[in-house]
Amino acid sequence: MSEDTLSRIADWCGAADDLEMEGTTVTVAGDPPILVQVEESDEAVVLTHSHAAGTTAEGFAEAAGALMGGRGSMLSGEVAAGEGGTTVNLRYPIYLDGLNRQTFLLAIRDITATADALAGLAGSPEAAAEPEPEPEPEGQPEPDAEPEPEPAVAATAAETVTVDDRGWAPTHTVPGGGISAWAEPDPALAPAAKLAARVELRVDEMRGAWARVTGENGWTGWVDGRKLRPLGGQAAPGGAPQARQAVAAPSPFGGIRPLQALGGLAMVIAAFIPWNATGVALDGSYAIPVGKPLDWPMAFLWNSFSPGQPRLGMLVLLIGIALLVMAVVPNVPTGAIIGSALVGVIVGLAFLFQLSRAPGFGDAFKILQAGFWVYLLGAVVAAIPLQPRS
């Protein structure tokens, strides 16, 4: 397989919550996990999965074959029965001229759904995922293999989530291994059902760690909302469901914030070059010192002047270096970056204002030099909230 194709597929898997790729094997999270092999031919990338059903029951092969090759599906396969059970080999080609993130993920989901359906046909005890949840709150719960931590009930009022009345739309999925569900948000009650991995749910209400969810078939119950996995750009439990966000185009800068890096560098450079020309007021009453920030007292910004004060250039360097660091460090809050850049803008505007108030220098723009404009432009550019690729 070409390195370019392999790298693209690995990036797509890395961006998905439930996919991992090692070598040419894609693992779909769940219980059990599903392994999909990726191969490349002259015309297509071919995804394959081998499902060992562990049964030779009469009618299984016919039912398994009916799951593949339907109209509108690229999925095909073959069923082979042996002494140890029945093996179903699934195959899904994606032609290279149509290979993109969407077609790849659709193929993975088609294979995953078929493998889950095969597990249901075989009646395998390891099959933890069904196409749709069908828990009955009034029935006996399926016992858990291990006791689950029960969500604490907050003493606050319930937080109701706004739901689109135009139809059911999922906001979260059940994590691998499944989770228990309760008829009421009461840890003293026994679980009413067990929800299988990868089942899609809609969060309707939050009470502390409890989440009231609804399945596509209309079933509703309470689960530990901390364990649910949000779908795409959906809000986390406790926030209103939102539409899934479009996938941003890959950024050539990786995780670096280019505008903050450029702005911070400009501010650091500006600390060492003149901001204004030396001059004397027309009436001779006031002399403007040499204009490098390292020559100006910092307190000049608030209309105080003394040679013994800390230098303005030290503040300029501090802000510029801080922006350079935040441009390359991941997970820095956007508010912290924009706030630092705005402090830099305020420093520049305060310098300009105080310079214009000097006796005899009402037109301060006449003595400003390139260093000041490099600094101010760098601060403004760094305040633009352009997000890097995560």
Side-chain angles (χ1 to χ4, degrees), residues 1-50 73-75 90-116 129 170-177 197-198 200 228-236 242-262 325-334 337 384-390:
M1 177 177 297
S2 68
E3 290 296 329
D4 177 64
T5 301
L6 194 63
S7 176
R8 291 169 63 195
I9 294 177
D11 287 343
W12 298 335
C13 291
D17 292 336
D18 60 343
L19 300 182
E20 292 183 2
M21 185 170 185
E22 183 174 354
T24 58
T25 301
V26 176
T27 301
V28 184
D31 187 11
I34 294 174
L35 304 181
V36 179
Q37 301 297 324
V38 183
E39 303 171 358
E40 185 177 8
S41 64
D42 293 338
E43 295 184 343
V45 168
V46 181
L47 308 182
T48 61
H49 169 69
S50 181
S73 174
M74 296 289 290
L75 182 69
L90 303 178
R91 183 177 185 275
Y92 196 116
I94 309 174
Y95 291 98
L96 295 177
D97 57 359
L99 177 63
N100 56 44
R101 182 174 181 174
Q102 182 174 3
T103 56
F104 172 77
L105 292 179
L106 286 174
I108 288 290
R109 302 310 176 194
D110 201 349
I111 291 175
T112 301
T114 304
D116 287 345
T171 61
H172 295 76
T173 60
V174 175
R198 295 187 292 274
E200 295 184 340
L228 295 176
R229 304 178 69 168
L231 274 173
Q234 301 289 353
Q242 301 173 357
R244 298 189 186 186
Q245 298 175 353
V247 177
S251 167
F253 302 101
I256 298 177
R257 297 175 174 84
L259 295 184
Q260 283 68 41
L262 182 62
V325 172
M326 289 188 286
V328 298
V329 174
N331 302 324
V332 176
T334 302
I337 297 174
I384 300 175
L386 178 66
Q387 293 295 326
R389 180 188 178 190
S390 59

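- Glu39 has its side chain within reach of Thr48: a pair of non-hydrogen atoms, C-beta onward, lies under 4.5 Å apart.
- To the nearest 0.5 Å, atom CD1 of residue Ile34 and atom CG of residue Leu19 are 10.5 Å apart.
- Residues meeting the side chain to side chain donor-acceptor pair (under 3.5 Å) test with Ser41, sequence neighbours left out: none.
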Can I get a per-line list of side-chain donor-acceptor pairs under 3.5 Å for residues 106-115, giving both atom names and the distance, sequence neighbours left out?
unit_1	atom_1	unit_2	atom_2	d
Arg109	NH1	Asp18	OD2	2.9
Arg109	NH2	Asp18	OD1	3.1
Asp110	OD2	Ser73	OG	3.4
Thr112	OG1	Ile108	O	2.8
Thr114	OG1	Asp110	O	2.9

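- Annotation: Glu20, atom CD; neighbour count of heavy atoms from other residues, nucleotides and ligands within 6.0 Å does not exceed 12.
- Using a distance-only test at 3.5 Å, with no hydrogens or angles considered, a donor-acceptor pair links the side chain of Thr103 to the main chain of Asn100.
- Taken to the nearest 0.5 Å, the CD1 atom of Ile337 stands 3.5 Å off from the CZ atom of Arg257.
- Using a 4.5 Å heavy-atom cutoff, the side chains of Leu228 and Thr173 are not in contact.
- The CD atom of Glu40 sits 9.0 Å away from the CG atom of Leu6 when rounded to the nearest 0.5 Å.
- How far OG of Ser2 is from CZ of Arg8: 8.5 Å, rounded to the nearest 0.5 Å.
- Between the side chain of Arg198 and the main chain of Ala29, a donor-acceptor pair closer than 3.5 Å is present.
- Rounding to the nearest 0.5 angstrom, the gap separating the CZ atom in Arg91 from the CE atom in Met74 is 9.0 Å.
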Task: Derivation of the side-chain hydrogen bond (donor to acceptor under 3.5 Å, both in side chains) call for Thr25 and Gln37 - done: CA-CA 5 Å; Thr25 301; Gln37 301 297 324; 3.0 Å; yes
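- The CG atom of Leu47 sits 4.5 Å away from the CD1 atom of Ile94 when rounded to the nearest 0.5 Å.
- For Glu200 (side chain) and Val174 (main-chain N/O), no donor-acceptor pair under 3.5 Å exists by modelled atom type.
- Minimum heavy-atom separation, Ala261 to Ala327: N-CB, 3.5 Å.
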